[in-house]
Amino acid sequence: MLNPDKRSMVTELLTPPPGMVLDSAIATTYTLDPTTLLTVPLHLAWLSSGEDKALLSDGIRLFEALRRIGENLTVYTDRGRIHVPTQAHPLYSLLETMIVEVRAPGGGAFHPKIWVLRFVKPGAETEISLRLGILSRNLTTDRSWDLALMLEGKPGRKYIAANREIGEFIRDLPTFATSKVPKAREAAAALLGDEVRRTQWDQPAGWDEVTFHVLGRSRRAWTPPPSKHMVIISPFLTAGALDALRKTTKSPIALVSRPDQLAALTTEMRGHFARCLVLDEAAESGNGEDTTLWDTFGLHAKALILRCGWNTRLFVGSLNATSAAMVQGHNVEVWAELVGKSSKVGCVDTLLAGDGLGGVLTAFDPTTPVVEMDSEQKQAELALEAARSALIVAPLSVACNRHDRDWCLTLRSTAPVTLGPVAIFAWPLSIHDEQALAADGLVEGGDVNLGVVATADVTGMIGFILKKGSFDVRFALNLPLENLPPDRDGALARRIIQNRDGFLRYLLMLLGNLACEEIGEGNGAAGATMTWTMVDGTGPTLLEEMVRAFARDRERLDDVKRLVDCLSVGDTDHDVVPVEFLAVWDVFLQAMETRK
C-alpha cells in the first residue's frame, strides 16, 4: 500500500488499451500549464500508436495532434490559475476550445484532479472501455511526490450507488463554467457522467470496494468514519481541520506533511500525533535535482489511511487537511475511498514500515524555524490576490479588428474592475511577455489596446501581470473572442507548415507514411517545384500513397481535404500548396464524389 518503489507516469493513464482509440476525455485541475497541456494530445495522437518519440518537437505533428484530439478533450480548470508559459507559442490558441475555466460555487478553489477517458474499438464503437484517474497532481510541470488511483471498467446497464457522486459531478461540470460551454462538450460531460455511474470498476489487487466522495457542491463539512488508527498525509495543514480529524480516531498514529507546515503548528497540536514525519532530504529534492526548475517539488500527495475493525480504509484524491477543504466546504474536492481487509492490503503499520512509505520519511525536527512573511510582502500578496479575484469575475472579452493585413486586439470589460493599488499589464500568450501593455483602463471599464498581431497570433489566451511594488503575480485567462478572423486556423497552419516541403511532410504523415520525417523541416524554398517522392528519392511516391488511401482508407483522404481546405482560406499570397498538387487533387475529389 503506497509503496514508493511502485511509480507510474501520467502517460500510462493516457495510453489507450490495445486495439482501442480515444473517443472522449475530460480532465479537471486546479492549476494548468498550457505547455504541459500541449503534450497530452501528442501522447494520445502519436505515442500510443508506437511512433517515433523524437517527433515530439515537430510543429507539424503537434498541430495535427491538437486537431485530432482537441474536439475530444475538455479540461476544466480553476479560473485565474492558468500559468503563464515561459515561452510564447502560436499553438496556444488551439487550446482555447479545450480549456473551460470554472469557479467553485462556495467561493473557494475548484481543486479536484480527475481524468475520465472513454476508449472505443475502431469498427466496433459499441465496445467501450472507461478509465478513471483520481490524482493529487495538477496538469503542470510538477516534480512532486503525488498519488494516483487508476481504475478501468466497462459501462453496464444499471447504475451503481458507489459511483453516483462522481458520475453526477462529471455530468454537471459545465454548470461550474464561467462562460457558455459548447453543446458538444456539454453532451460529452453528460455521456461520460452517465457511463461512469454504470461502470463496475476492476478493483486494485486486494481491495474489495471503491466509492467516491465529492465535496464543495454544498457547504458541508466532511468527516471520516470512526477509526482505531489514523495516518494523515497532506502537504498543507490548518489546525481546525487537524483537530476535527483527530477527534474521529482513537489513535492518530502519524501526520506526514511539509516541514514549514508542521513548524507553523503549535507544539500542542503536533503532540496529538504519535509521530510527525516529513520526506527525507534525498526524496524531497529528487536526489540533487535543481528544484528551482520546477513550479513545485517535495510532498504533494494527499491521503488518509484508517484502521476500522478488520478493514483498512484508504482515501486518496485532492483534499488537503485544511479548513477550506474539509471543514468549511468552500473548495470543490474529490476523494476516492478504497476498503479492504487489513490482512490483505496492509494497515498503518505496513504503510510506515521501512519497506513502505516509511523508507522515504524522516522525523520532523521541532526546531525547524517558522517562515514568517514580512508585513510588506503580506500586504502586497493580499492586494495582489484581491486584484486577481476582481479580475477573474470581471466580464472580459477580446475584440479583433482588421488592421491592414493584421489584427488589432482590444481587451474589453463591460464593467469597471476594482484593482486597488495594483498595476496591471496584459498581452496575448502567442507573443512574448516583453510586449505586455499597461491595462489600467480596465479600472474605468474602458478598452485596453493589446497591440497589432498577425492573423496566426490572434488568441483569447491572455496573460496578465499584477504588480505591487517589487512583488507580482502572473496568470492567464481564456477569454471570449469577438470577430475571430475566419482564416486564423489557415494562417496558423501556413506558419507551422512554412513551405512546400513542409506541406509534403504533412501530406505523407496524414497518409500514414512514417518516413515523412526524412523531409527537411522548413528548408525548402516556397517556390520550389512539387516533389512527388521523398527528398532523397527513396520511399513510395506521394501519388502512390494517395492511390493506396483511396483504395483502402478513404478517411485519410478526408484528412487531406480538411488540410487543403484550411490552407485555402485567407491570405494565399505565400501559399504552401503547389498548383501541381491541386491539379491532381481535383481528380481525386471527383473520384471521391463519384464513390460516395
Does [X] pair with [Y] as a salt bridge, N-O distance under 4.0 Å?
X	Y	result
K378	E372	no
D146	K113	no
D433	R474	yes
D489	R67	no

Are the side chains of [Y] and [X] in contact, using a 4.5 Å heavy-atom criterion?
X	Y	result
T140	H83	yes
L262	T368	no
W115	I134	no

What residues, two or more places apart in sequence or in another chain, satisfy side chain to side chain contact (heavy atoms under 4.5 Å, CB included) together with D260?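 Testing D260 for side chain to side chain contact (heavy atoms under 4.5 Å, CB included), a comparison that skips the adjacent residues, returns R258.
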Who passes side chain to side chain contact (heavy atoms under 4.5 Å, CB included) against T410, sequence neighbours left out?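 T410 satisfies side chain to side chain contact (heavy atoms under 4.5 Å, CB included) with A399, N401, C408, R412, D447 only.
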Residues which pass side chain to side chain donor-acceptor pair (under 3.5 Å) with H89, listed by chain and number, not counting sequence neighbours: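 Not a single residue meets the side chain to side chain donor-acceptor pair (under 3.5 Å) criterion with H89.
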Look up atom CD1 in I69 and atom NE2 in H43, then write down how far apart they are to the nearest 0.5 Å.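 Separation between the atoms: 10.5 Å.
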Keeping [X] on the side-chain end and [Y] on the backbone end, is there a donor-acceptor pair under 3.5 Å?
X	Y	answer
E101	N478	yes
R171	A189	no
N449	G451	yes
S93	T459	no
K468	L466	no
T455	R488	no
S234	L237	no
N331	E333	no
R131	T15	yes

What closest approach, in Å, do [X] and [Y] show between heavy atoms, and which atom pair accounts for it?
X	Y	answer
P90	S430	CA-CB, 4.3 Å
S397	L479	CA-CB, 4.4 Å
I232	L245	CD1-CD1, 3.7 Å
I60	R505	CD1-NH1, 3.0 Å
V422	A383	CG2-O, 3.8 Å
G133	L135	C-CD1, 3.4 Å

Let me see the working for T367 and D365 under side-chain hydrogen bond (donor to acceptor under 3.5 Å, both in side chains), right down to the final yes or no. CA-CA 5 Å; T367 65; D365 181 358; 2.7 Å; yes
ring-ring contact (aromatic ring centres under 6.0 Å, His included) involving Y30 - partner list, sequence neighbours excluded: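 Partners of Y30 under the ring-ring contact (aromatic ring centres under 6.0 Å, His included) test: H111.
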Listed by chain and number, what are the ring-ring contact (aromatic ring centres under 6.0 Å, His included) partners of Y76, not counting sequence neighbours?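 Testing Y76 for ring-ring contact (aromatic ring centres under 6.0 Å, His included), a comparison that skips the adjacent residues, returns none.
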Are R185 and T74 linked by a side-chain donor-acceptor pair shorter than 3.5 Å?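 A pair is found: one side chain offers a donor N or O, the other an acceptor, under 3.5 Å apart.
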Taking the inter-plane angle between the rings of F315 and H213 on a 0 to 90° scale, is it parallel (under 30°), tilted (30 to 60°) or perpendicular (over 60°)?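 Tilted.
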Within a reach of under 6.0 Å around CD of E71, are more than 12 heavy atoms found that belong to other residues, nucleotides or ligands?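 No, CD of E71 has 12 or fewer neighbouring heavy atoms, counting only those of other groups under 6.0 Å.
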Please check if the number of heavy atoms outside E381 that lie under 6.0 Å from its CD is greater than 12.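 Yes, because the 6.0 Å sphere around CD of E381 holds more than 12 heavy atoms from other groups.
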Qualifying ring-ring contact (aromatic ring centres under 6.0 Å, His included) pairs, either residue in residues 410-467, two or more places apart: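 Listed by first then second residue: F464-F475.
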One pair to check against salt bridge (Lys or Arg N to Asp or Glu O under 4.0 Å): E186 and K183. What are the steps and the verdict? CA-CA 5 Å; E186 286 185 343; K183 290 188 180 299; 5.0 Å; no
Do S323 and Q328 pass the side-chain hydrogen bond (donor to acceptor under 3.5 Å, both in side chains) test, and can you show the C-alpha distance, the side-chain angles, and the key distance before you say yes or no? CA-CA 6 Å; S323 296; Q328 299 165 343; 5.1 Å; no
Determine whether I166 and V334 satisfy the following criterion, side-chain contact (heavy atoms from CB on, under 4.5 Å), listing intermediate values before the conclusion. CA-CA 8 Å; I166 189 70; V334 172; 4.0 Å; yes
